[in-house]
J.: 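Starting off with a structure, shown below.
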Amino acid sequence: MYGGGNVFEAMKATALAEEDPKELAKFEARIDRGEKIEPKDWMPQLYRKQLIRMIEQHAHSEIIGALPEGTWITRAPGFKRKLALMAKVQDEVGHAQLLYSAAETLGKPREQMLDDLVTGKSKYSNIFNYPAFTWADSCFISWLVDAGAIVNQVANSKGSYGPYCRALERICAEESFHLKYGHHCVIHLATGTKKQQEMMQAAVNRWWAPMMHFFGPSDKISVHSDILMRWKVKMASNDECRQQFLDMYVPKIWELGLTLPDENLHKNLETGMWEFTEPDWEEFKRVINGDGPCNKERLAVRRMAEERGRWVRKALLAPKTKYVAPLA
Amino acid sequence: MTLKSLDPRVKRLGIPEEWDTPLSPKETLDQFENYEAFIQVKEGKALEHVGPVHAPNEEMAFLFAKEQYSRRGMFCNALCVVKTENIIGTEFSDNGISIYDAVTAQPSGIENQSYEVFHLLKRGKQHKYVGTVMAKDFEDALVVAKHTYPSQKPVFNVWIAESEHILTSNEEDKDMWETLKEKQYREAIDYKGQDRIKAYKERMGQA
């Protein structure tokens, strides 16, 4: 699962001028023909850099995203829910594996990516810096955070980089289980006893603001995003993704008798666009930069896993091994 | 001070709130070497590349690949893994040109080594297994493959590996794929909620 609002690297005006114009033209022609770029192909430095960054953030989001839900495996109500949640969390970690490999084909070793996660150098989806207080929070994540991620991932799976697209196709297929499972959980609470309904409503109230942040701030068309769109790195704007999410899921939330904590939220029937109170982007920035309720815990748990597992990995490593990046 | 958390498991771990030292960077290969995994979804179909896994040895790579690429959905009939280092790939061609067009040499006639050959028929798709060739070395294997497995469609990329470097599931171990049928809870189709929504709406309508 992953949100928009990718943090792309600032681009120097000269970045493209330094590229070989003939190769660049060939590369762009290939993308225009709808062909995928494969690891051994020539590509502009900027394309490589932005893709590494994007895929890496996506991979980090998968493993960090497993933490707030993983919390609830042992306390999920009943055997079936435990089984399903465990399978879902396993999927998320599996997605991280696929994505790290896709990023590796671009030249950044996995070891370095994992280091950059723990040191805070690279980011992950901001929404996972919030805690899952109750079982209902976990249900909200499974259904709606995954739904948001699917909107993003389906768009990205039509991008231009072969290994990322292949990983995303596999991921999207698995996400459909997450979505249905999450919806199932929310339906049960929302149509259940009064206490269950209240618990679900409280979770919705807690998660709505982070959910609106999920797709990132509105990205006005700039030269920068223009190039990323032309190269099919970025496939849809943050606003487009947010609108699509609202259009698909707000009616499904309302039909369960749940309310959303924004009195301005409605669909403008003339424009066909959803209108809402502008999310608090100052809070968004504050949390991304480390000051959220769970940033510290997420990275501490990650670091602990790295350090306490190190001897096992060391014991298993065969001598005389050399590093080769994955092929595709 | 230990880290405060809502998660009882995290609380039990007693993680310090602040570390005294920065994390020492990972050493090279802390995450092990790469293997490429291939799966046959159905009897009679070609083995197809599904993706890489990191593992400390071949057997572990096989196990990880089974968990990563066959845990649900599509039925898996066979699986094989090859260390990435042991696969030699050609360059990629594009725009309808076959990579074999650039191969002009003739087979050496020396057939002392067995190689397995994989083709990529569309950019963005997966490499598929085409067959075995006997040749002198990798370059020769590419030449022999061009003559042995001519393709109607352009081949954009070829992978070749020595046969002995491939670890494949055994035919007699086939029952290891049987577990997939018990894992319906991993499938979207197992989660139907419309009846409950309908009942809820009716109840609300009456109230």
Side-chain angles (χ1 to χ4, degrees), chain A residues 30 33 35-36 38 40-41 71 74 80 83-84 87 90 94 97-98 101 109-112 114-115 118-119 131-133 162 165-167 170 173-174 176-177 179-181 183-184 187-188 191 255-257 296-297 300-301 303-304 306-307 310 313 316-318 321-328, chain B residues 3 5-10 13 15-17 19 22-23 25-34 36 49-54 56-57 60 67-68 71-73 84-85 87 89 91-92 94-95 123-127 157 159 183 185-193 196-197 199-201 204:
Chain A
R30 187 178 284 150
R33 284 197 301 271
E35 286 181 15
K36 303 284 182 193
E38 294 290 350
K40 276 190 176 177
D41 290 329
T71 306
T74 54
K80 280 204 92 170
L83 207 57
Q90 184 194 19
Q97 301 280 4
L98 295 174
S101 288
R110 183 174 294 215
E111 286 78 11
Q112 213 179 319
L114 291 168
D115 280 345
V118 176
T119 59
F133 281 104
C165 298
R166 283 190 287 270
R170 196 163 273 281
E174 299 194 330
S176 67
F177 146 61
L179 185 73
K180 293 292 266 187
Y181 154 78
H183 193 196
H184 198 261
I187 292 169
H188 272 248
T191 66
E255 80 173 346
L256 295 174
K296 220 177 188 174
E297 173 178 341
V301 167
R303 174 168 175 170
M304 184 220 56
E306 290 299 333
E307 288 193 339
R310 188 167 286 196
R313 298 191 299 274
L316 282 169
L317 183 64
T321 305
K322 67 172 183 194
Y323 177 79
V324 179
L327 285 177
Chain B
L3 188 83
S5 171
L6 285 169
D7 187 339
R9 299 171 314 160
V10 174
L13 285 169
I15 307 174
E17 198 171 66
W19 265 270
L23 179 78
K26 280 180 176 296
E27 287 162 38
T28 319
L29 287 165
D30 173 272
Q31 297 293 298
F32 310 118
E33 63 260 45
N34 270 299
E36 303 295 333
H49 182 238
V50 276
V53 285
H54 283 245
N57 58 47
M60 292 281 276
E67 204 48 45
Q68 177 75 296
R71 66 175 176 266
R72 75 150 63 78
T84 306
E85 188 192 333
I87 300 179
E91 295 299 310
F92 281 86
D94 65 356
N95 211 7
R123 277 173 169 268
K125 295 292 171 200
Q126 312 274 10
H127 285 72
N157 189 252
W159 287 350
K183 295 190 176 166
Y185 64 88
R186 284 186 181 274
E187 307 293 338
I189 197 154
D190 218 30
Y191 297 91
K192 294 195 174 86
R196 216 177 156 104
I197 296 179
Y200 169 76
K201 282 183 178 168
M204 289 299 110

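Order of the sequence lines fixes the chain letters, A, B, ..., with proteins taken first and strands second; residue numbering starts at 1 for each chain.
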J.: Under 3.5 Å, side chain of B:Asn34 to main-chain N/O of A:Val324, donor-acceptor pair present?
T.: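 Yes; judged by distance alone, with no hydrogens or angles, the pair exists.
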J.: Are A:Glu255 and B:Lys201 close enough for a salt bridge, meaning some N to O gap below 4.0 Å?
T.: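 Yes.
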J.: For B:Asn57, is it the side chain, the backbone, both, or neither that has a heavy atom closer than 4.5 Å to a heavy atom of chain A?
T.: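 Neither part.
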J.: Just give me the residue among B:Gln68, B:Glu17, B:Arg196 that pairs up with chain A most often, heavy atom to heavy atom, under 4.5 Å.
T.: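 Among the listed options, the one with the most contacts to chain A is B:Arg196.
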J.: Roughly how far, to the nearest 0.5 Å, is CD1 of A:Ile187 from NZ of B:Lys192?
T.: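 That separation rounds to 12.5 Å.
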J.: How many angstroms lie between atom CG of A:Leu256 and atom OH of B:Tyr200, to the nearest 0.5 angstrom?
T.: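 Interatomic distance, A:Leu256 CG to B:Tyr200 OH, rounded to 0.5 Å: 7.0 Å.
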J.: Does the distance from a Lys or Arg side-chain N to an Asp or Glu carboxylate O, for B:Asp30 and A:Arg313, drop under 4.0 Å?
T.: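 Result for this pair is yes, salt bridge flagged.
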J.: Look only at the side chain of B:Glu91 and the backbone of A:Lys40, and say whether a donor-acceptor pair between them is shorter than 3.5 Å.
T.: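 Checking the backbone N and O of A:Lys40 against the side chain of B:Glu91, no donor-acceptor pair under 3.5 Å is found.
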J.: Under a 4.5 Å cut-off applied to non-hydrogen side-chain atoms, are A:Gln97 and B:Val53 in contact?
T.: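 They are not in contact (no side-chain heavy atoms under 4.5 Å apart), so the answer is no.
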J.: Less than 4.5 Å to any heavy atom of chain B: does that hold for the side chain of A:Pro109, its backbone, both, or neither?
T.: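 A:Pro109 has no heavy atom closer than 4.5 Å to chain B.
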J.: Check this for me: does any side-chain nitrogen of one of A:Lys180 and B:Glu187 sit under 4.0 Å from a carboxylate oxygen of the other?
T.: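 B:Glu187 and A:Lys180: not salt-bridged.
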J.: Are A:Arg310 and B:Glu27 close enough for a salt bridge, meaning some N to O gap below 4.0 Å?
T.: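 No.
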J.: Which bit of B:Ile189 comes within less than 4.5 Å of chain A, counting heavy atoms only: side chain, backbone, both or neither?
T.: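 Nothing of B:Ile189, per the 4.5 Å heavy-atom cut-off to chain A.
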J.: Taking every heavy-atom pair that is under 4.5 Å apart, which of A:Ala328, A:Ala318, A:Pro131 has the most such pairs with chain B?
T.: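 So the answer, after comparing A:Ala328, A:Ala318, A:Pro131, is A:Ala328.
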J.: Charged N to carboxylate O below 4.0 Å: is that the case for A:Asp41 and B:Arg123?
T.: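 Yes, charged N to carboxylate O under 4.0 Å.
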J.: May I ask you to say whether A:Arg33 pairs ionically with B:Asp94, meaning some side-chain N is under 4.0 Å from a carboxylate O?
T.: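 Yes, charged N to carboxylate O under 4.0 Å.
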J.: Is the number of heavy atoms from other residues, nucleotides or ligands under 6.0 Å of A:Lys80 NZ greater than 12?
T.: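 For A:Lys80, atom NZ is not crowded (no more than 12 foreign heavy atoms under 6.0 Å).
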J.: Tell me, do A:Arg170 and B:Val50 make a side-chain contact under 4.5 Å, heavy atoms counted?
T.: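 Yes, their side chains come closer than 4.5 Å.
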J.: Does B:Lys26 offer a backbone N or O that forms a donor-acceptor pair with the side chain of A:Asp115 under 3.5 Å?
T.: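 The answer is yes, because a donor-acceptor pair under 3.5 Å joins these two groups.
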J.: Return the option, out of A:Pro326, A:Gly162, A:Cys165, with the maximum number of heavy-atom pairs under 4.5 Å with chain B.
T.: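 It is A:Pro326.
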J.: Counting only non-hydrogen atoms closer than 4.5 Å, does A:Thr119 touch chain B with its backbone (N, CA, C, O), its side chain (CB onward), both, or neither?
T.: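 Neither part, no heavy atoms under 4.5 Å.
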J.: If you count heavy-atom pairs under 4.5 Å between each of B:Leu29, B:Ile15, B:Asp7 and chain A, which one has the most?
T.: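 Option with the top pair count is B:Leu29.
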J.: Taking every non-hydrogen pair under 4.5 Å, which of A:Gln112, A:Lys322, A:Glu306 racks up the most with chain B?
T.: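 If we count pairs closer than 4.5 Å to chain B, A:Lys322 comes out on top.
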J.: Are the side chains of A:Thr71 and B:Arg9 in touch, meaning some heavy atoms are under 4.5 Å apart?
T.: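 In short, these two side chains touch, coming nearer than 4.5 Å.
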J.: Roughly how far apart are A:Leu327 CG and B:Trp159 CH2, rounded to 0.5 Å?
T.: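 Going from the CG atom of A:Leu327 to the CH2 atom of B:Trp159 covers 5.0 Å.
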J.: Given the rule in the side chain to side chain donor-acceptor pair (under 3.5 Å) test, do B:Arg186 and A:Gln90 qualify, once you have shown the distances and angles that lead to the verdict?
T.: CA-CA 11 Å; B:Arg186 284 186 181 274; A:Gln90 184 194 19; 2.6 Å; yes
J.: Using non-hydrogen atoms and a 4.5 Å limit, figure out which bit of B:Asn157 sits close to chain A: side chain, backbone, both or neither.
T.: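 Looking at B:Asn157, nothing touches chain A.
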J.: Would you check if the side chain of A:Glu297 reaches a backbone N or O of B:Leu3 as a donor-acceptor pair within less than 3.5 Å?
T.: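 Flag not set: sc A:Glu297 to bb B:Leu3 has no pair under 3.5 Å.
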J.: Would you sort out whether B:Lys125 and A:Glu38 count as a salt bridge (Lys or Arg N to Asp or Glu O under 4.0 Å), showing the intermediate values?
T.: CA-CA 10 Å; B:Lys125 295 292 171 200; A:Glu38 294 290 350; over 6 Å; no
J.: So which residue, B:Gly193, B:Ser5, B:Gly89, B:Ala188, ends up with the most heavy-atom pairs under 4.5 Å with chain A?
T.: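 Greatest number of close heavy-atom pairs with chain A: B:Ala188.
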J.: So how far is it from B:Phe92 CZ to A:Glu35 CD, rounded to the nearest 0.5 Å?
T.: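 Separation between the atoms: 12.0 Å.
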J.: Does any heavy atom of chain B fall under 4.5 Å from the side chain of A:Val118, the backbone, both, or neither of them?
T.: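 Side chain only.
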J.: Once you measure the plane-to-plane angle for A:Phe177 and B:Tyr191, does it fall in the parallel (<30°), tilted (30-60°) or perpendicular (>60°) bin?
T.: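 Answer is tilted, since the angle falls between 30° and 60°.
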J.: Start with the C-alpha gap between A:Glu307 and B:Trp19, add the side-chain angles, then the distance that decides, and say whether side chain to side chain contact (heavy atoms under 4.5 Å, CB included) holds.
T.: CA-CA 12 Å; A:Glu307 288 193 339; B:Trp19 265 270; 3.4 Å; yes
J.: Output the distance between atom CZ (A:Arg166) and atom CD (B:Gln126), rounded to the nearest 0.5 Å.
T.: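 Answer for the CZ-CD pair, A:Arg166 versus B:Gln126, is 5.5 Å.
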J.: May I ask you to name which of A:Ala300, A:Ala173, A:Ala167 has the most heavy-atom pairs under 4.5 Å with chain B?
T.: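 With the most close heavy-atom pairs to chain B, the winner is A:Ala300.
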J.: Which bit of B:Glu36 is near chain A, if near means a heavy-atom gap under 4.5 Å: side chain, backbone, both or neither?
T.: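 Side chain only.
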J.: Do B:Ile197 and A:His183 come within less than 4.5 Å of each other through their side chains, counting heavy atoms only?
T.: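 When only atoms from C-beta onward are counted, A:His183 and B:Ile197 do touch, with a gap below 4.5 Å.
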J.: Are any side-chain N or O atoms of B:Glu33 and backbone N or O atoms of A:Thr321, one a donor and one an acceptor, separated by less than 3.5 Å?
T.: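 No, B:Glu33 side chain to A:Thr321 backbone: no donor-acceptor pair under 3.5 Å.
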J.: Go through B:Gly51, B:Ala199, B:Pro25 and name the one with the most non-hydrogen pairs under 4.5 angstrom from chain A.
T.: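 Most pairs with chain A among the choices: B:Pro25.
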